[in-house]
Every structure is written in structure tokens, then in C-alpha cells.
Amino acid sequence: MFGEIINITESFIISNVSWTVFLGCILEQIIVPIPASLIVLSSTFLLLKGTSFALPALGTLLVKIVIPASLGITLGSFVYYTLAYKLGTPFIERTSRYLGVSVNDVVEVEKKFKDSRYDDIFMFLARCFPVIPSIAINLFCGLIKYDPKKYVITTFFGSAVQIFGWGMLAWFSGNIYLILEDKIANISNIVMGIIIIGVIYFIIMKRRGKNRKDSR
């Protein structure tokens, strides 16, 4: 039964991989239950598993994973960017317990932003390397009314660099997986089981973190 569910899930993701990562990354930016990296890793792993490293396969990664995911992140991030742009700090104060981001988190982004020499490069690098929570960046950009055109450019291309890195990691892992598959029975079920458990664990820990903040 569990194996059938996994096979159906794999087939669905592979058949609709672009829509899966696109919609998944939009939801990740709005609801924040699952990190975009996990969506990209699992989707790329299934799509390019066993595919040799060649230009056509690289094109598949870019077209079916990187571009849809980056578009999803950019589009989804506009929700909190727009709310912060229109409503300002009071919006963050009222929703911090639900978003998991406080005004202090946004202030920390502001400090790093001011310390940087080049504003646009900072925004681009902040998207490339997920050190700062994306929702904090979205809210901060809305608060300072960061130019929408620059916001779209830095968000899309910065996210594309990050997604490409995750995609290459998953692609490499998928090839190693095939080498091990002949030696370890049922490794497919093990890997998918780990992914599912990882998602559930992340959601539980996220909720526990919010509950702790609410209890303070």
C-alpha cells in the first residue's frame, strides 16, 4: 500500500513537475509550511534521476525546475511585499505570531541592508544564499518601498541562482542513488519515506516554534 502511494506520487510529480514547483514555491512564500529547497530537491531528484550530465538535461533542469520555481518565488513573495508596502509596520506587529517573523527580524535585515555598499547587490545575494528568511526580506522591501522593478529582477535572478544550486545537488544525488539502488533493496521506498518524514517533521517543528513564541 505504501509503495503504491509512493509510485503514484512520483508519477504525478514527474508528469507535472513544472506546475508542482511553481505552485509549491508560491505557497511556500505565502504559507511557509515547506521550504522551497525541499520542493526543488525532491522534484529534481525524481525528474533527472539517472540522467547523464549533458547540455540537454541541463536545459531540462533550467526550463522545468529553475524558471518555474523562480517565477513562483517571485510571484508569491509579492503578497507580503505588497501588504508591508501598503500597511507598514502595524501589519507586521499584528501578524508576527502567525508569520513567525517579528519587527525585530525585519530590523535585522535593515541593519545588514544599511551596512552593505550596494543595495541591489545585497538584495540579489540575499536571494542567492538563504541565510535571511525570505519572508523577512519580502516584508522589509515592502516597508522601505523598494523599487518594484528592481525587486522583481533581484528576486527572480537571485532565486534562480539558489534553485539552480539545489537542482544540481539533487541531480548529482540522483545519479549516486542509481548506483546504490542495485545494492540496497527497496531504497526507493526508503528515500521517499525519508522525504515524507522530513516534511512532516519540519511542519511539526515549525508549529512548535510558533507555539513557543505565542506562550512568551
Side-chain angles (χ1 to χ4, degrees), residues 16 18-40 43 62-166 199 202-203 206-207 209-211 213-214:
N16 305 277
S18 295
W19 282 108
T20 299
V21 295
F22 175 69
L23 296 175
C25 287
I26 289 178
L27 292 176
E28 184 266 344
Q29 289 293 307
I30 300 173
I31 307 175
V32 204
I34 303 172
S37 57
L38 185 58
I39 297 171
V40 172
S43 299
L62 292 172
V63 173
K64 292 192 174 184
I65 299 291
V66 176
I67 293 177
S70 301
L71 286 173
I73 290 173
T74 304
L75 184 60
S77 71
F78 252 106
V79 173
Y80 292 120
Y81 169 87
T82 303
L83 290 171
Y85 191 102
K86 297 290 186 181
L87 304 178
T89 303
F91 168 75
I92 302 175
E93 293 174 340
R94 293 172 186 170
T95 59
S96 60
R97 60 182 297 183
Y98 305 107
L99 300 180
V101 177
S102 66
V103 175
N104 291 333
D105 295 324
V106 178
V107 170
E108 286 298 319
V109 178
E110 183 178 11
K111 289 179 181 177
K112 295 176 181 178
F113 179 77
K114 289 181 177 178
D115 290 340
S116 64
R117 278 184 157 187
Y118 306 101
D119 299 348
D120 299 333
I121 293 178
F122 170 81
M123 289 299 180
F124 172 74
L125 293 176
R127 297 295 188 182
C128 290
F129 306 101
V131 177
I132 304 172
S134 60
I135 188 171
I137 299 174
N138 305 341
L139 291 169
F140 168 70
C141 289
L143 281 178
I144 67 170
K145 293 182 170 32
Y146 186 66
D147 183 80
K149 291 181 181 178
K150 292 182 178 179
Y151 179 82
V152 169
I153 293 172
T154 55
T155 300
F156 177 82
F157 286 103
S159 299
V161 171
Q162 181 189 154
I163 296 302
F164 180 76
W166 288 120
V199 171
F202 181 85
I203 294 173
K206 193 77 176 178
R207 288 180 178 176
K210 287 184 178 180
N211 292 334
K213 284 186 178 181
D214 294 343

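Not measured: the values here are computed from a predicted model.
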Atom [atom1] in [X], atom [atom2] in [Y]: separation rounded to 0.5 Å?
| X | Y | atom1 | atom2 | value |
| --- | --- | --- | --- | --- |
| Y118 | L125 | OH | CG | 12.5 Å |
| E93 | L87 | CD | CG | 12.0 Å |
| D119 | K150 | CG | NZ | 7.5 Å |
| I132 | M123 | CD1 | CE | 8.5 Å |
| I92 | R94 | CD1 | CZ | 12.0 Å |
| L75 | C25 | CG | SG | 11.0 Å |

Under 3.5 Å: donor-acceptor pair, side chain of [X], backbone of [Y]:
| X | Y | value |
| --- | --- | --- |
| T155 | V152 | no |
| S70 | I67 | no |
| N16 | W19 | no |

Distance-minimising heavy-atom pair for [X] and [Y]:
| X | Y | value |
| --- | --- | --- |
| I137 | A126 | CD1-CB, 3.7 Å |
| L83 | F91 | CD1-CZ, 3.4 Å |
| R127 | Q162 | O-NE2, 2.6 Å |
| K64 | V21 | O-CG2, 3.8 Å |
| I30 | Y80 | O-OH, 2.7 Å |
| P68 | V63 | CD-O, 3.1 Å |

Between [X] and [Y], is any pair of side-chain heavy atoms under 4.5 Å apart?
| X | Y | answer |
| --- | --- | --- |
| V161 | F124 | yes |
| Y151 | N138 | yes |
| F22 | I26 | yes |
| D105 | L139 | no |
| V79 | Q29 | no |

### Query
Ring centres of Y81 and Y146 under 6.0 Å apart?
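Aromatic pair excluded; centres sit 6.0 Å or further apart.
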### Message
Are more than 12 heavy atoms, taken from residues, nucleotides or ligands other than K145, located less than 6.0 Å from that residue's NZ atom?
### Response
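Atom NZ in K145 is crowded, with more than 12 foreign heavy atoms closer than 6.0 Å.
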### Message
A quick test of your reading: do over 12 heavy atoms of other residues, nucleotides or ligands sit less than 6.0 Å from CZ of F113?
### Response
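Yes.
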